[in-house]
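Remarks on the structure that follows.
Whatever order the structure lists ligands and atoms in, that order sets their numbers, starting from 1.
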Amino acid sequence: MQTVEPLLQEAEFDQKILDEQKIEPRDWMPEAYRKNLIRQMSQHAHSEVIGMQPEGNWITRAPTLRRKAVLLAKIQDEAGHGLYLYSATETLGCTRSELIEALQTGKAKYASIFNYPALTWADVGATGWLVDGAAIVNQIALQRTSYGPYARAMVRICKEESFHQRQGYEIMFALAKGSPQQKQMAQDAMNRIWWPSLMMFGPHDADSAHSSQSMKWKIKRQSNDFLRQKFIDQTIPQIKVLGLDMPDPEIRWNKKRGHYDHGEINWDEFYQVINGQGPCNHQRIKHHKRAHDEGEWVREAVRNYREKQNRRENSTMKK
Ligand code: BYC
């Protein structure tokens with residue numbers, strides 16, 4: 001039989017959610033809420049970190065010094081997002097090394113889009129524009145998520161992502177208004193990145209395993225399909241400004257719905273990629289493991305420094 005105290009704690013938690021109050025790390029929370037947050041937030045952190053790889057591949061080949069400086073700054077921002085999100089996830093009682101292990105052993109996912117290669121310079125533009133653009137649509141909703149540390153991390157992340165989206169669009173604009181070859185490169189990059197960008201919002205609502213509970217707990221504030229449609233509606237006018245052909249022949253304005261209709265995503269491809277069989281999954285994890293192993297000396301130095309500090313503090317307390 002349940003004692004009264006857990007029931008009271010649960011009622012207090014439910015009331016906070018109802019009243020739009022944030023849940024904070026020291027507050028009582030249901031175990032399933034905590035686990036679900038660790039799952040989603042760590043996946044989000046991993047996405048930021050793995051997402052540096054396809055763009056990082058272009059730092060040495062950026063066409064001008066200005067483009068290189070901007071790209072470097074963007075990629076460093078992504079590293080920062082990963083770090084805020086790992087720290088926010090650790091407030092739920094797990095360690096950084098547990099999170100990294102889950103990523104490296106394939107237990108934790110990261111956004112499927114980063115398992116595709118960045119083939120040309122235009123991919124850097126299309127990634128900033130479409131991938132960061134899709135991320136903002138999702139993350140604006142997450143600024144109102146019920147877990148305080150996650151919501152607060154999103155505020156700064158959204159500001160930086162909008163700069164990323166603009167720099168990507170500026171690259172696309174320069175290419176689309178450039179030579180016929182440059183315009184073709186922009187068209188090709190958009191055609192390839194369009195569909196994986198739509199996949200970033202996850203499966204259809206009816207097939208989404210976590211949505212219903214996550215919406216009740218206000219972890220997610222808007223559904224996968226709602227956010228995907230929002231992204232499509234705001235991006236099509238931008239494609240028109242670029243003067244590029246639509247990446248999907250079924251895109252047309254539906255006056256009745258007040259939204260753009262579009263073709264169906266290839267869901268077989270989506271599930272293949274999220275289950276480890278995308279074009280670059282193995283390469284991405286292999287690279288992460290190598291970089292992580294090479295950074296072991298930094299972690300060791302930090303551990304030694306902390307131990308030394310603790311010893312010093314203990315000995316001054318004894319005095
Ligand atoms: N890719 O029940 P569902 C960035 C998984 S990075 C991979 O709908 P949920 C950037 C899902 O995890 C920003 N997996 O799940 C960085 C679940 O699997 P598990 C990236 C996906 O959580 C560098 C299963 O499918 N943004 O901006 O309710 C350079 C069932 O799905 C995907 C985020 O990470 C996917 N696309 O909703 C440039 C946003 N979709 O865990 C840019 C944070 C679904 O049961 N995350 N899955 O094994 C979210 O908002 C939500 O987790 C999702 C999915 C909307 C993605």
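With no hydrogens or angles considered, no side-chain donor-acceptor pair links K218 and T145 at under 3.5 Å.
Heavy-atom proximity to atom 12 (O) of ligand 1, evaluated over E78, Q43, H204, K109, is greatest for Q43.
Within the 4.0 Å cut-off (strictly below), a protein heavy atom is located near atom 16 (C) of ligand 1. For atom 23 (C) of ligand 1, the nearest protein heavy atom lies closer than 4.0 Å.
Heavy-atom proximity to G51, at under 4.0 Å, picks out these atoms of ligand 1: 23 (C), 29 (C). In the vicinity of S208, heavy-atom distances shorter than 4.0 Å reach the ligand 1 atoms 2 (O), 3 (P), 8 (O).
Below 30°, between 30° and 60°, or above 60°: for Y271 and W267 the angle between ring planes is between 30° and 60°, a tilted geometry.
The ring of F13 has its center closer than 6.0 angstrom to the ring center of Y33. Between Y110 and H44, the ring centre distance reaches or exceeds 6.0 Å.
Checked against a 3.5 angstrom limit, the closest N/O atoms of S214 and ligand 1 fall outside it. Close N/O approach between M199 and ligand 1 is found [any backbone or side-chain N/O within under 3.5 Å]. Every N/O-N/O distance between T127 and ligand 1 stays at or above 3.5 Å. Residue A209 has at least one N or O atom closer than 3.5 Å to an N or O atom of ligand 1.
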